[in-house]
Amino acid sequence: MIHEAMRLLRVYSDKSQKDMAKEIGFVNSWVSELEKGKKNITEEFVRKYAKIFGVTPEFIILFAQKLKSNKNLKKEIFKAVVEKVSNEG
């Protein structure tokens, strides 16, 4: 679930995978594979991700745990993203 938590943080913050890759110093495909769970997430990667979003690594881990235990949370986040995008247009 940490992969999904990191993807949701990126999407809600309106950042592309390309933007994230550039900010953390990885190639775009690597970010994509991480978010899909095809690559192992390292502590270093979590720290870099957290810094970009102004949160702690612990926040990302707790967010991932909440996503796992609360199936409706993901739906609520997607609704918030859709609403945010709709209001910007």
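Note that the structure is a prediction, hence the values are computed from the model and not measured. All residue numbers in this chain count up from 1 along the given sequence.
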Give, for atom [atom1] of [X] and atom [atom2] of [Y], the distance between the pair rounded to the nearest 0.5 Å.
X: F63; Y: I60; atom1: CZ; atom2: CD1; result: 9.5 Å
X: L67; Y: L62; atom1: CG; atom2: CG; result: 11.0 Å
X: D19; Y: R10; atom1: CG; atom2: CZ; result: 9.0 Å
X: I61; Y: I41; atom1: CD1; atom2: CD1; result: 10.0 Å

Next item on the list: Kindly say whether K39 contributes a backbone atom to a donor-acceptor pair with the side chain of H3 at under 3.5 angstrom?
Entry: yes
Minimum heavy-atom distance [X]-[Y], with the two atoms named:
X: A64; Y: M1; answer: O-CB, 3.5 Å
X: A50; Y: P57; answer: CB-N, 3.6 Å
X: N40; Y: L34; answer: O-CD2, 3.4 Å
X: V46; Y: M6; answer: CA-CE, 4.1 Å
X: Y49; Y: E35; answer: OH-OE2, 2.9 Å

Item checked: Salt-bridge criterion met for E4 and R7 (N-O under 4.0 Å) -> yes
Check: How far apart are the C-alpha atoms of K51 and I24, what are their side-chain angles, what is the distance that settles it, and do they pass the side-chain contact (heavy atoms from CB on, under 4.5 Å) test?
Finding: CA-CA 10 Å; K51 185 176 180 180; I24 56 179; over 6 Å; no
Note to self: With a 4.5 Å cut-off on side-chain heavy atoms, are M20 and F53 touching?
What the structure shows: yes
Item checked: F45/F26 aromatic ring centres below 6.0 Å -> yes
